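Structure first, then comments.
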Amino acid sequence: MFDNQYEQLRIEKSKNLASIGKSPYPHNITRGIPTTEFIKKYDYIQTQENKRDESKSEKVIGRIKFLRLMGKAAFLKIEDSHGLLQCYVSQNALGDWFVDVKKLIEVGDIVAVEGFPFVTKTGELSLNAKSLELVTKSIVPLPEKFHGLKDIELRYRRRYLDMIMNQEVKSNFIIRSKMIKEIRNFFDDKNFMEVETPMMHEIAGGANARPFVTHHNSLGVDRFLRIAPELHLKRLVVGGMESVYEINKNFRNEGMDHTHNPEFTSIEFYQAYSNYKDLMRLTEELFDHLRKKLEIEEIIEYNGKKVNLSTPFKEISFKNALIEIGEIDANILKDTKSIEEFLKSKKIDFKPGLSRAKLYEELFDNFVEKKLINPTYITEYPIEISPLSRRDDEDSSIAQRFELFVAGSELANGFNELNDPLDQYDRFLDQINIKNSGDDEAHAMDEDFVRALGYGMPPTAGEGIGIDRLVMLLTNSTSIRDVILFPAMKPVANEDTIEVE
RNA sequence: GACCCGUUAGCUCAGCUGGUAGAGCAUUUCCCUUUUAAGGAAGUGGCCGUUGGUUCGAAUCCAACACGGGUCACCA
């Protein structure tokens, strides 16, 4: 660790500072004013004749990003979370300490500078330092000042360094933070209650996905990291929380790519005595709210495509989407055999023996999903691929469900919750059969959940929205890694493995 | 999982048809009190991702593997 030649040199400097009574890591530091405020506050100096105001004194703290030494004076640019400020330090002002500063303070260190505002010959408003104190010594050198850190892998693995070197990466995360805050405000204003349900589940349910397994030592049992909060949130509706939501992580033990991180954030919300149509309207309202609060245009660009976010969103049934958007002949949809022939003619691989609903899903994924650019609700899903949603009263093969697609991918999934405990029990049994026939992502039986429904869950509609995908859409990010601060990465062979002598 | 591309100094990158490693920045020493990627002079710095193979000789050619990026597939 820290055995690189440059790091060794910096550690030497750090020790030298300590030896002359300058702690490399002092902790009695008080904040000054932000760099941007300094620039705003003293803008008037530009208009003054002597271009300086020695009667003023300000303290600014930041990391040294540029350092230009010139014998008995130096310019340094320091950066805080707001921006950059140029400071001028000289031997006249600092005395003997300046000699040590020249030798021991360098780019990457965090310093506190105090002095008066002035404008340099080249016209830049700067701080003329009367004092400079080390705040934190940096012993790992920063990447090159001009090209910065470009290596995408390093940027994800060392996000802190990415943030130091690339100020703009923070903007996505600022938008993300604001967005989540506004989602909370939106639901709180509608009298929803925010809750936290377990991350460690006895039975991982609520979605079709493989879970991560962990172990509880004192109980001596394995636990699953949750794949969805759904079944717990519905238990809360049974218990009397008529409007609840949870914004939190889910974990799915599946492949990673630019739209999938093994841990991701979603919001799920449930509202008793409302139906999925109400939630479709609520979702539109939420989009309008976010656009307004985050000042996002009605028409945004995502991955080179124009996306019109104006409400209400388009709405089309699952089957009609196959015919009208997927441009699949309605006759093909009539039986499994002709669908299979159609898929083969399009050279699409599929597992043999799929049901018609599963084949529909195949068709949807291949011919419809990517064409759904402007927000579109797909409704009337086959019941078989909707094991937790209520059947339609007129057509029992159809679920009272919708999914929202934007820019070619799914963003939200909502439906009238199945509250018939016997039907739910049978659907779990069906899922178990599906699981036994090889689909290890089918649901497991959750008897406690069925029991909860047995006590009576009021008619309820629920919905989940993928937060990461939503941030991607609103920040025009094509990789989920650009909206997750510390995205999952494969471990890399560690050269610094500690050797035991 | 398949295919394509990448991996060379701390960082950003050159390195042709094989002949034994380069630049800029950073860093070290020196000069320099208004610079803007400051400037000038002289240095230091490399398991060329890993492991094999071909060859008199490999950063370079071949293979496998690792990690990353992209496209597709799978998956919500």
Side-chain angles (χ1 to χ4, degrees), chain A residues 2-10 12-13 51-52 65-77 84 86-94 98 102-103 106-108 118-126 128-129 138-158 161 164-165 206-210 227-228 230 250 252-262 264 266 347-351 361-362 364-366 369-370 385-386 403 405 409-413 439-441 464-466 468-469 478-481 487 489-495:
Chain A
F2 300 130
D3 47 8
N4 170 283
Q5 51 171 328
Y6 302 105
E7 294 166 348
Q8 285 297 318
L9 278 163
R10 282 175 166 251
E12 250 344 278
K13 291 182 180 183
K51 304 277 186 195
R52 60 209 280 128
K65 295 298 288 289
F66 298 91
L67 182 58
R68 292 185 271 277
L69 273 171
M70 294 170 303
K72 294 182 178 63
F75 281 95
L76 47 144
K77 286 207 169 168
L84 279 168
Q86 177 168 269
C87 303
Y88 174 77
V89 293
S90 66
Q91 189 149 26
N92 282 354
L94 298 191
F98 183 81
K102 268 208 304 186
K103 277 203 168 305
E106 55 206 317
V107 171
F118 81 116
V119 174
T120 62
K121 273 183 186 166
T122 48
E124 183 168 344
L125 177 60
S126 308
N128 194 320
S138 162
I139 60 166
V140 183
L142 292 178
E144 195 220 351
K145 61 189 170 192
F146 187 61
H147 296 95
L149 183 68
K150 285 187 166 176
D151 188 301
I152 293 169
E153 182 174 356
L154 271 182
R155 292 181 60 181
Y156 293 142
R157 287 190 194 275
R158 302 185 194 166
L161 184 59
I164 292 171
M165 298 309 296
N208 299 326
R210 271 192 300 255
I227 55 175
E230 171 148 357
N250 297 306
R252 298 192 183 173
N253 207 342
E254 290 162 356
M256 293 153 55
D257 61 30
H258 61 105
T259 57
H260 294 82
N261 198 60
F264 64 97
S266 72
K347 295 197 165 57
I348 292 164
D349 286 333
F350 57 94
K351 289 177 199 149
E361 205 175 15
E362 229 18 90
F364 187 86
D365 291 346
N366 281 293
E369 185 166 358
K370 284 182 182 60
I385 55 174
S386 315
E403 286 202 7
F405 289 84
S409 74
E410 183 209 344
L411 210 61
N413 178 19
D439 183 353
D440 54 3
E441 291 183 352
I465 301 176
D468 309 284
R469 300 264 177 96
T478 50
S479 171
I480 199 167
R481 288 178 161 174
M489 300 291 281
K490 285 194 194 176
V492 74
N494 191 356
E495 306 133 33

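Everything numeric here is computed off the predicted structure, so don't read it as measured data.
Taking the P atoms as reference points, B/rG69 lies 33 Å from B/rG22, given to the whole Å. For the C1' atoms, the distance linking B/rU50 with B/rA59 amounts to 14 Å, nearest Å. Here the separation of B/rU51 from B/rG15, taken at their P atoms, is 25 Å to the nearest Å. On the P atoms, B/rU20 is 26 Å away from B/rC13, given to the nearest whole Å. Atom name P, nucleotides B/rC72 and B/rG53: the rounded distance is 39 Å, in whole Å. Separation of the C1' atoms belonging to B/rU54 and B/rA58 is 10 Å when rounded to the nearest angstrom. Atom name C1', nucleotides B/rU60 and B/rG1: the rounded distance is 31 Å, in whole Å. Rounded to the nearest Å, the gap between the C1' atom of B/rG40 and that of B/rA9 is 24 Å.
Put simply, A/K65 has no side-chain N or O that comes within less than 4.0 Å of OP1 or OP2 on B/rA37.
In this entry B/rU7 has B/rA66 as its Watson-Crick or G-U wobble partner, both defining distances falling under 3.5 Å. For B/rC61, the paired nucleotide is B/rG53, the pair qualifying as Watson-Crick or G-U wobble because both relevant distances are below 3.5 Å. B/rA2: Watson-Crick or G-U partner is B/rU71, with both key distances under 3.5 Å. Across all strands shown, B/rG43 forms a Watson-Crick or G-U wobble pair with B/rU27, both key distances being under 3.5 Å. Nucleotide B/rU35 is matched to nothing when pairs are restricted to Watson-Crick or G-U wobble geometry with both distances under 3.5 angstrom. Across all strands shown, B/rG22 pairs with B/rC13; the Watson-Crick or G-U wobble distances both stay below 3.5 Å.
Comparing B/rA37, B/rU27, B/rU34 by their nearest atom to the side chain of A/F66 picks out B/rA37. Comparing B/rG68, B/rA73, B/rC32 by their closest approach to the side chain of A/K370 singles out B/rA73. Of the candidates B/rU28, B/rU34, B/rG68, B/rU28 carries the atom nearest the A/L9 side chain, counting heavy atoms from C-beta on. Distances from the side chain of A/K121 to the nucleotides B/rC32, B/rU34, B/rC25 place B/rU34 closest. The listed nucleotides are B/rA73, B/rC25, B/rC32; the one nearest the side chain of A/K145 is B/rC25. For A/K13, the side-chain atoms get nearest to B/rU28 when compared with the rest of B/rA37, B/rA73, B/rU28.
The separation between A/D257 atom CG and B/rC75 atom P is 13 Å, rounded to whole Å. Atom CG in A/L69 sits roughly 11 Å away from atom P in B/rU29 (whole-Å rounding). Rounded to an integer number of Å, the gap from A/K77 NZ to B/rU34 P is 17 Å. Residue A/R52 contributes atom CZ, which lies 12 Å from atom P of B/rU34 at whole-angstrom precision. Atom C1' of nucleotide B/rU34 and atom CG of A/L125 are separated by 14 Å, given to the nearest angstrom. Atom-to-atom, CG of A/N366 to C1' of B/rC75 comes out at 13 Å; the value is rounded to the nearest Å.
Residue contacts shown for A/M165 are absent, as no nucleic acid heavy atom lies under 4.0 Å away. Residue A/F98 is classed as having no contact, given no heavy-atom separation below 4.0 Å to the nucleic acid. Using a 4.0 Å heavy-atom criterion, one finds that A/R157 contacts the sugar-phosphate atoms exclusively. Using a 4.0 Å heavy-atom criterion, one finds that A/E12 contacts no nucleic acid atom at all. Using a 4.0 Å heavy-atom distance criterion, A/R481 is classed as a sugar-phosphate-only contact. Backbone-only engagement by A/Y156 is indicated by non-hydrogen atom pairs under 4.0 Å involving sugar-phosphate atoms exclusively. Nucleic acid contact for A/E369: base, since at least one base atom lies under 4.0 Å from a heavy atom of the residue. Using a 4.0 Å heavy-atom distance criterion, A/K103 is classed as a sugar-phosphate-only contact. Nucleic acid contact for A/E7: none, since no nucleic acid atom lies under 4.0 Å from a heavy atom of the residue.
In this structure the side chain of A/E124 reaches within 4.5 angstrom of the side chain of A/K77, judged on heavy atoms. Put simply, the side chain of A/R155 does not reach to within 4.5 Å of the side chain of A/R481, judged on heavy atoms. Between A/Q86 and A/T120 the shortest side-chain heavy-atom distance falls below 4.5 Å. Using a 4.5 Å cut-off on side-chain heavy atoms (C-beta onward), A/S90 and A/K72 make no contact. Counting heavy atoms from C-beta on, the side chains of A/P143 and A/L161 come closer than 4.5 Å.
Taking the ring-ring contact (aromatic ring centres under 6.0 Å, His included) definition, one finds that A/F75 meets it with A/Y88, sequence neighbours left out. Remark: A/F364 pairs with A/F318, A/F405 by the ring-ring contact (aromatic ring centres under 6.0 Å, His included) rule, at least two apart or across chains.
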### Task
Check the pair A/T259 / A/D257 against side chain to side chain donor-acceptor pair (under 3.5 Å), numbers first and verdict last.
CA-CA 5 Å; A/T259 57; A/D257 61 30; 3.1 Å; yes

### Task
Show the numbers, then the answer: is there a side-chain contact (heavy atoms from CB on, under 4.5 Å) between A/I164 and A/L142?
CA-CA 9 Å; A/I164 292 171; A/L142 292 178; 3.9 Å; yes

### Message
Determine whether A/V140 and A/R10 satisfy the following criterion, side-chain contact (heavy atoms from CB on, under 4.5 Å), listing intermediate values before the conclusion.
### Response
CA-CA 7 Å; A/V140 183; A/R10 282 175 166 251; over 6 Å; no

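Nearer the 5' end of RNA chain B, as judged by each residue's closest nucleotide, is the contact made by A/N92, out of A/N92 and A/F364. In this structure, A/S479 and A/S409 both approach RNA chain B, and ranking their closest nucleotides by distance from the 5' end singles out A/S479.
A donor-acceptor pair under 3.5 Å is formed between the side chain of A/Q8 and the backbone N or O of A/F2.
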### Contact letters for nucleotides 1-14 of chain B, in which S counts primed atoms plus P, OP1 and OP2 and B counts the base, heavy atoms under 4.0 Å
---------BBSS-

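Between the side chain of A/Y88 and the base of B/rU35, no donor-acceptor pair under 3.5 Å is found.
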